[in-house]
Amino acid sequence: MLPTRADFPEGFLFGAATSAYQIEGHAQGGAGRTHWDDFAATPGNVANAENGDLACDHLHRWQEDLDLLAGANLDVYRFSTSWARVMPEGRGPVNAAGLDFYDRLVDGLLARGIRPALTLYHWELPSALADLGGWRNRDIAGWFADFAEVVARRLGDRLWSAAPINEPWCVAWLSHFLGHHAPGLRDIRATARAMHHVLLAHGRAIQALRAAGVGNLGAVFNFERAFPADDSPEAARAAATFDAFYNRWFISGIFRREYPAEALAGLGPHMPPGWEDDFDTIAQPLDWCGANYYTCKRIAPAPGPWPALAEVAGPLPRTDMGWEIHPEGLGFFLRRMHRDYTGDLPLYVTENGMAAPDRIAAGGIRDEDRIAYLAAHLGEVAKAAAEGVPVRGYFCWSLLDNFEWAFGYGKRFGLVHVDFATLKRTPKASYHALARALAR
Ligand code: FCB
């Protein structure tokens, strides 16, 4: 059973989240090429050589999708704008059809009584900017601020909230160190630069949004609880290093104007010149802070150069992603944010959800595991709120089954099932359970 509105403080908001490249259909509507198109076109990067060309065809089916949001009794929708749909080359000319699309989307949300929560960048960097070094190039902060200004001028008067960048860790580490996401690099110097420039771009975009009159500005981080694999001091050290470059680097840069020592121990020699002088820009005041949370990790020491660690399997039940289910981790991070970084700032769980091998059968899609996952995590949120942690809202990932990056269309996170052959949408049991829990 899902908790209901009555289990949360007055005014607590419930939403669902999506992102542009994962649902829109990026080969359509005059969008420019992105590094995700290039990454997906390279053999071996994405399961079944899939890509975002059509995805859920949200570009044409957005009205039906907004009706689904409304039907679930959701208060707020977290969506993203594709930089290359708005500015196909990343700089210069604007694709009018692209901006028009987002304009209609925002109006369509408001018409349904749903608050629009904008993310400017959810990972599809225009290829033309990737050619110039992408996140490795310090100039990206200015390019991104210009993009922020274009979007702000068009949508800013009707947004409920805005955040520049989804999950800086994925933009920087997952994509430049682990190579799992575009641009698929495995290079510590590129990583160090991206780790810093992503925050510089965040700060410049916040300045641009605020100057354009947009309010309720925030940042969205992803967190994974890092447990030492055993009780040796070496494992404790490895987990602390993981925690530093994953969970603490970005929030510490913005709220404490410094990077954690355990992460600088490895990244320091590779940082771009003058990085220490950028915190005035990075640490722009924010109106809220968001946490995306899915799982925990077990960290063991490993031979080799810094960070000299490895992830090992843990004992908890797993989702279809192979991710351990650890709801208490969400409460841990909400308390830690509040206590160590954000103080009284409103917090939101900006993503949470699970992948399951959902199939349509007679009687619908019985995703009972997802209902249990959501209930357990919402329970942690309610507990933190009752303790006085200022958490004000929760977003499910995701409204729709979609293009799950390197996993292609094989991993289903949606409240709504999508048949990728016909694009037919079918609400799952979790969708109906949520609609009942949120009914007023
Ligand atoms: C998050 C991403 C989102 C989706 C979920 C499963 O890290 O923000 O796009 O991939 O994970």
Side-chain angles (χ1 to χ4, degrees), residues 1-2 14-26 28 46-48 50-74 76-80 105 108-109 112 114 122 292 294-295 317-323 325 351-378 394-439:
M1 271 279 279
L2 290 175
F14 294 87
T18 64
S19 90
Y21 192 81
Q22 293 180 274
I23 63 169
E24 287 177 358
H26 220 268
Q28 322 179 93
V46 177
N48 304 315
E50 289 165 338
N51 59 46
D53 281 1
L54 184 58
C56 306
D57 192 26
H58 173 72
L59 192 73
H60 297 107
R61 295 163 198 254
W62 60 274
Q63 308 220 39
E64 178 185 354
D65 295 338
L66 300 196
D67 288 343
L68 285 164
L69 286 169
N73 296 318
L74 294 166
V76 46
Y77 177 48
R78 178 172 174 261
F79 69 102
S80 77
L105 187 76
L109 287 165
R112 290 165 178 82
I114 300 168
H122 199 127
N292 294 358
Y294 293 92
T295 189
R318 292 158 185 281
T319 72
D320 201 34
M321 296 293 280
W323 295 348
I325 301 175
E351 286 181 28
N352 177 241
M354 70 172 273
D358 304 312
R359 281 190 194 84
I360 300 193
I365 300 147
R366 313 262 320 247
D367 57 338
E368 305 301 332
D369 289 354
R370 179 172 292 103
I371 296 173
Y373 181 102
L374 297 178
H377 288 77
L378 277 165
Y394 171 96
F395 295 72
C396 286
W397 182 271
S398 181
L399 175 66
L400 303 170
D401 292 342
N402 60 44
F403 177 71
E404 181 45 41
W405 307 113
F407 297 89
Y409 294 96
K411 301 295 177 196
R412 297 181 175 274
F413 275 90
L415 298 168
V416 174
H417 180 275
V418 177
D419 178 330
F420 290 103
T422 63
L423 297 175
K424 182 172 162 34
R425 277 78 163 138
T426 309
K428 305 178 188 177
S430 56
Y431 174 96
H432 297 298
L434 196 65
R436 279 194 301 276
L438 301 184

S.K.: Are the side chains of Leu105 and Phe79 in contact, using a 4.5 Å heavy-atom criterion?
M.R.: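 Side chain of Phe79 against side chain of Leu105, heavy atoms only: contact under 4.5 Å found.
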S.K.: Would you confirm whether Asp401, through its side chain, and Gly414, through its main-chain N or O, come within 3.5 Å as a donor-acceptor pair?
M.R.: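 It does hold such a pair.
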S.K.: Would you call the rings of Phe403 and Tyr409 parallel, tilted or perpendicular, taking 30° and 60° as the class edges?
M.R.: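 Answer is tilted, since the angle falls between 30° and 60°.
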S.K.: So which heavy atom on Gln22 is nearest to which on Ser19, and how close?
M.R.: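 Scanning both residues completely, I find the closest heavy atoms to be OE1-OG, 2.8 Å.
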S.K.: Do Arg370 side-chain atoms and Leu415 backbone N/O form a donor-acceptor pair below 3.5 Å?
M.R.: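 Such a contact is absent between Arg370 side chain and Leu415 backbone.
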S.K.: Is there a side chain to side chain contact (heavy atoms under 4.5 Å, CB included) between Trp397 and Asn292? Walk through the geometry before answering.
M.R.: CA-CA 9 Å; Trp397 182 271; Asn292 294 358; over 6 Å; no
S.K.: May I ask you to decide whether Arg61 forms a salt bridge with Asp65, counting only side-chain N to carboxylate O separations under 4.0 Å?
M.R.: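 No, this pair does not count.
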S.K.: Quick one: pull up NE2 in His58 and NE2 in His26 and give me the separation to the nearest 0.5 Å.
M.R.: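 Separation between the atoms: 12.0 Å.
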S.K.: Would a distance-only check, ignoring hydrogens and angles, find a side-chain to backbone donor-acceptor pair under 3.5 Å from Asp53 to Asn51?
M.R.: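 No, Asp53 side chain to Asn51 backbone: no donor-acceptor pair under 3.5 Å.
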S.K.: What residues form a side chain to side chain donor-acceptor pair (under 3.5 Å) with His377, not counting sequence neighbours?
M.R.: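 His377 satisfies side chain to side chain donor-acceptor pair (under 3.5 Å) with no residue once adjacent residues are dropped.
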S.K.: For a side chain to side chain contact (heavy atoms under 4.5 Å, CB included) check, start with the C-alpha distance between Leu74 and Phe395, then their side-chain angles and the critical distance, and finish with the verdict.
M.R.: CA-CA 9 Å; Leu74 294 166; Phe395 295 72; over 6 Å; no
S.K.: Can you confirm whether Arg318 is buried at CZ, in the sense that more than 12 heavy atoms of other residues, nucleotides or ligands lie under 6.0 Å from that atom?
M.R.: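 Above 12, so yes.
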S.K.: Using only atom types and a distance under 3.5 Å, with no angle test, would you say the side chain of Thr295 pairs donor to acceptor with the backbone of Ile325?
M.R.: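 Pair absent, no side-chain N/O of Thr295 close to backbone of Ile325.
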S.K.: Find out whether Leu66 and Leu109 are in side-chain contact, i.e. whether some heavy atom of one side chain is under 4.5 Å from a heavy atom of the other.
M.R.: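 The answer is yes; the side chains approach within 4.5 Å.
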S.K.: For a side chain to side chain contact (heavy atoms under 4.5 Å, CB included) check, start with the C-alpha distance between Ile365 and Thr426, then their side-chain angles and the critical distance, and finish with the verdict.
M.R.: CA-CA 8 Å; Ile365 300 147; Thr426 309; 3.9 Å; yes
S.K.: Do Leu378 and Leu2 make a side-chain contact, defined as non-hydrogen atoms from C-beta onward lying under 4.5 Å apart?
M.R.: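 SC-SC contact between Leu378 and Leu2 confirmed.
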S.K.: In Å and rounded to the nearest 0.5 Å, what is the OH to SG distance from Tyr373 to Cys396?
M.R.: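 One gets 10.0 Å once the value is rounded to the nearest 0.5 Å.
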S.K.: Which atoms form the tightest heavy-atom contact between Ala17 and Ser398, and what is the distance?
M.R.: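 Reported closest heavy-atom pair: O-OG, 2.7 Å.
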S.K.: Nearest heavy-atom pair of Ile371 and Ala433: which atoms, and what distance?
M.R.: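 So the two residues come closest at CD1-CB, 4.0 Å.
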S.K.: What I want to check is whether the side chains of Ser80 and Tyr21 have a donor and an acceptor closer together than 3.5 Å.
M.R.: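 No, because no side-chain N or O of Ser80 sits under 3.5 Å from a partner of the opposite role on Tyr21.
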S.K.: Identify the two heavy atoms, one from Ala435 and one from Gly71, that lie closest to each other, and give their separation to 0.1 Å.
M.R.: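 Between these two residues, the closest heavy atoms are CB-O, 3.5 Å.
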S.K.: Can you find a heavy atom in the side chain of Leu423 that is under 4.5 Å from one in the side chain of Leu54?
M.R.: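 Yes, at least one pair of side-chain atoms sits under 4.5 Å.
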S.K.: In Å, rounded to the nearest 0.5 Å, how long is the span from CG of Leu68 to CH2 of Trp62?
M.R.: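 So the gap between those two atoms works out to 13.5 Å.
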S.K.: For a 4.5 angstrom cut-off between non-hydrogen side-chain atoms, does Asp367 reach Tyr431?
M.R.: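 With C-beta onward as the side chain, the pair stays apart.
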S.K.: Please find the pair of heavy atoms, one from Cys56 and one from Arg425, that lie closest to each other, and give the distance.
M.R.: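 The answer is O-NH2, 2.8 Å.
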S.K.: Is any side-chain heavy atom of Leu374 less than 4.5 Å from a side-chain heavy atom of Tyr394?
M.R.: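 Yes - at least one pair of side-chain heavy atoms lies under 4.5 Å apart.
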S.K.: Rounded to the nearest 0.5 Å, what separates atom CZ in Phe420 from atom CG in Asn402?
M.R.: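 The CZ atom of Phe420 sits 6.5 Å away from the CG atom of Asn402.
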S.K.: Among Arg412, Arg366, Lys428, exactly one meets side chain to side chain donor-acceptor pair (under 3.5 Å) together with Asp358. Which residue is that?
M.R.: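 Among Arg412, Arg366, Lys428, the one that satisfies the side chain to side chain donor-acceptor pair (under 3.5 Å) with Asp358 is Lys428.
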S.K.: Walk me through whether Thr18 and Tyr77 qualify under side chain to side chain contact (heavy atoms under 4.5 Å, CB included).
M.R.: CA-CA 8 Å; Thr18 64; Tyr77 177 48; 2.6 Å; yes
S.K.: Between the side chain of Tyr294 and the main-chain N/O of Met354, is any donor-acceptor distance below 3.5 Å?
M.R.: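 Here the side-chain-to-backbone pair does not exist.
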S.K.: Looking at Glu50, is its backbone amide N or carbonyl O close enough to the side chain of Asn48 to form a donor-acceptor pair, meaning the two atoms are under 3.5 Å apart?
M.R.: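 No: the side chain of Asn48 does not pair with the backbone of Glu50.
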S.K.: Any idea which heavy atoms bring Arg112 and Gln63 closest together, and the distance?
M.R.: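 Reported closest heavy-atom pair: NH2-O, 3.5 Å.
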